[in-house]
Amino acid sequence: MTGAAEATSEAEPRLPTRGALIAILIALGLGMFLGALDTMIMASALRTVADQLHGLTLQAWVTTAYLVTMTASAPLYGKLSDIYGRRPLYLAAILLFIVGSLLCGLAQSMYQLAAARAVQGLGAGGLTSLALAVIADIAPEDKRSRYQANLGAVFAVASVAGPVLGGFFAGTTELLGVAGWRWIFLINVPIGLVGCVLVALLLKVPAKRIRHRVDFGGAATLVLCVFPLLVVAENGREWGWSSPLSIALFALGGIGLVLFLLVERRVGDSALLPGRLFRNLSFSMVNMVNFLGGIGVFAGLALLPLYLQIVKGMSPTAAGLLLLPQSLATTFGARISSPLMKRFGYQSVLAGGMVLMTAVFVLLGQVGLDTPLWTMVLLVIVLGTGMGVFFQVILIAIQDSVPKTDIGLASGLYNFSRQIGGVAGTAVFVSVLFGIAGDRVGEQFDAAGPPVQAVLADPVAMADPANAAVVEQLQAHGTVDLNDTSFLAQIDDRLAEPILAAMASSLNTVFVVVGGFLALSVLISLLLRGRSRSETG
């Protein structure tokens, strides 16, 4: 072993006190919270923002710009942090995020907002992967999973809080003299600065630095692959999956993928996603579980609010509050993971967490118009527990399937593979949902019979423009336009019920399909072998 290598091994990065470690955990959690929050906060606010900036038809670009830069930059941060150290890269990431947030808050058009969101995403890509890598560096191995459990729970809390806060700010006309929706972004600035200062002051530990060549070509071709595929995933239902534009974007994404694979093969071990890692069967299998789990997590976060708001008629804020027990359960699931892994190994615990998530989605396949809310609360608690186990155990499994010198890269892939699965899966499932629902609306009206006929024969009901518009759409197209479901609160209950029943039935189908993907993740989890370093250390 060389002298440099010996010096590196001797400089084991550890924080000097437990208090300092907790302070660092808080600082990293703030950054991770902001990155996760801005993934979901626009879900309930984007329509209001787009109307304010007069660009409703451009709203998909605002979401895509953030997701593509965040997704593509995450592995790059991991690689760069292995070379230059975690601290400077984390500070760069959070400063980029703060600048992007400020630009978003000042945007005067949708084009400006999309560009600012791209800057924000460049910062967000490092907030999660680097936070997890820092904890892996500075925490004792026997306590690492406990500290990372706290960070893992931040994601679920932010995911549930995002739509609630987005709806609140979007619904506020003005706050402190500034348009309410702009606070969605401006609130990040002071919180981010606090996290930045804490990291700058406290994270002063020796860093293990591994000299590699940076694969910028891989990063560029990865963007070329991911960007068009995310765009078509978001817009394919509206454009048509076989439309010339969709086909062109699929082809461009395919070309990007081929170029990415060629670049990665050429640079070898210096690749952004080194092939040697994926030749490790355990690493590849764990990432597949992470990908499938991401589908389940994001599908649940996207589809459950739709059920609560459309089928059950709850407001965005009320739906978000009902999902808060899921956040608490996620924290609980992450907390219990560490002792369970020490006793049973991460293979069994990971499989158990995926079983819980699978079971919930299968049961969600049975919910309907009359399902009591307490049933939904129980289901989201079980789902949150499974998610907590998944977040925590999959991270330990990924980090422990690679050499210590690749922990930064592995941490970046933890976020990357889950995000790719979640974003692509959610876009497809939401498109499938509304495609199925459009067909089933007509079927439900045909089956409704007398109640609908009574509305048609009621002059008072038909004099209502909202009712008349629905009937006109049904007669002309055999279905109704579901791009904007706010009309459901305005029409006669006898007309609304078949539409709600169609939505519930369509959600049932999609929930079961998501459960099928999660069942596959259970099977892969059971094929994993070995125990983590933190279990045996």
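Values below: every heavy atom of this structure, side chains too, minus hydrogens, waters and symmetry copies. None of the values given here were measured: they were computed from a predicted structure.
The structure places CG of Leu350 at 11.5 Å from CD of Gln392, a figure rounded to the nearest 0.5 Å. Atom OG of Ser525 sits about 9.0 Å away from atom CZ of Phe390, to the nearest 0.5 Å. Distance check: Ile191 CD1 to Ile94 CD1 gives 10.0 Å after rounding to the nearest 0.5 Å. Within the model, atoms CG of Leu369 and NZ of Lys312 stand 7.5 Å from one another, a figure rounded to the nearest 0.5 Å. How far CG of Leu96 is from OH of Tyr77: 5.0 Å, rounded to the nearest 0.5 Å. For the atom pair CG of Leu364 and CG of Leu507, the computed distance is 9.5 Å after rounding to the nearest 0.5 Å.
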Inset, instruction - With side-chain contact (heavy atoms from CB on, under 4.5 Å) as the test, would you mind laying out the steps for Val297 and Met357 before giving the verdict? - result: CA-CA 9 Å; Val297 169; Met357 294 173 63; 3.8 Å; yes
Inset, instruction - Applying side-chain contact (heavy atoms from CB on, under 4.5 Å), run through Arg86 and Leu28 and close with a yes or a no. - result: CA-CA 12 Å; Arg86 317 291 189 215; Leu28 297 175; over 6 Å; no
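The closest side-chain heavy-atom distance from Val189 to Leu193 is below 4.5 Å. Looking at heavy atoms from C-beta onward, Leu379 lies out of side-chain contact with Leu304 at the 4.5 angstrom threshold. Taking the side chain as every heavy atom from C-beta outward, Gln326 and Ile381 never approach each other to under 4.5 Å. Within the 4.5 Å cutoff, no side-chain heavy atoms of Met70 are placed close to those of Leu127. The shortest side-chain heavy-atom distance between Val199 and Leu91 falls under the 4.5 Å cut-off. Side chains of Trp374 and Leu378 form a contact here, defined as non-hydrogen atoms less than 4.5 Å apart. Looking at Ile98 and Asn188, their side chains never come closer than 4.5 Å, going by heavy atoms from C-beta outward. Counting heavy atoms from C-beta outward, Arg418 and Ile398 have side chains that stay 4.5 Å or more apart.
What you find for Val377 and Val380 is that their closest heavy atoms are O-CG2, 3.1 Å. Nearest approach of Gly365 to Val512, heavy atoms of both residues: CA-CG2, 3.8 Å. Here the closest non-hydrogen pair linking Glu264 and Gly218 is OE2-CA, 3.5 Å. Leu95 and Cys196 get closest at one heavy-atom pair: CD2-SG, 3.9 Å. Of all heavy-atom pairs between Tyr90 and Ala27, the closest is OH-O, 3.7 Å. For Ser521 against Met354, the heavy-atom pair with the smallest separation is OG-CE, 3.2 Å.
Environment of CE in Met288: sparse, with no more than 12 heavy atoms of neighbouring residues, nucleotides or ligands closer than 6.0 Å. The 12-atom threshold is not exceeded at CZ of Phe517, counting heavy atoms of other residues, nucleotides or ligands nearer than 6.0 Å.
Using a 30° and 60° split on the angle between ring planes, Phe361 and Phe511 fall in the tilted class, from 30° to 60°.
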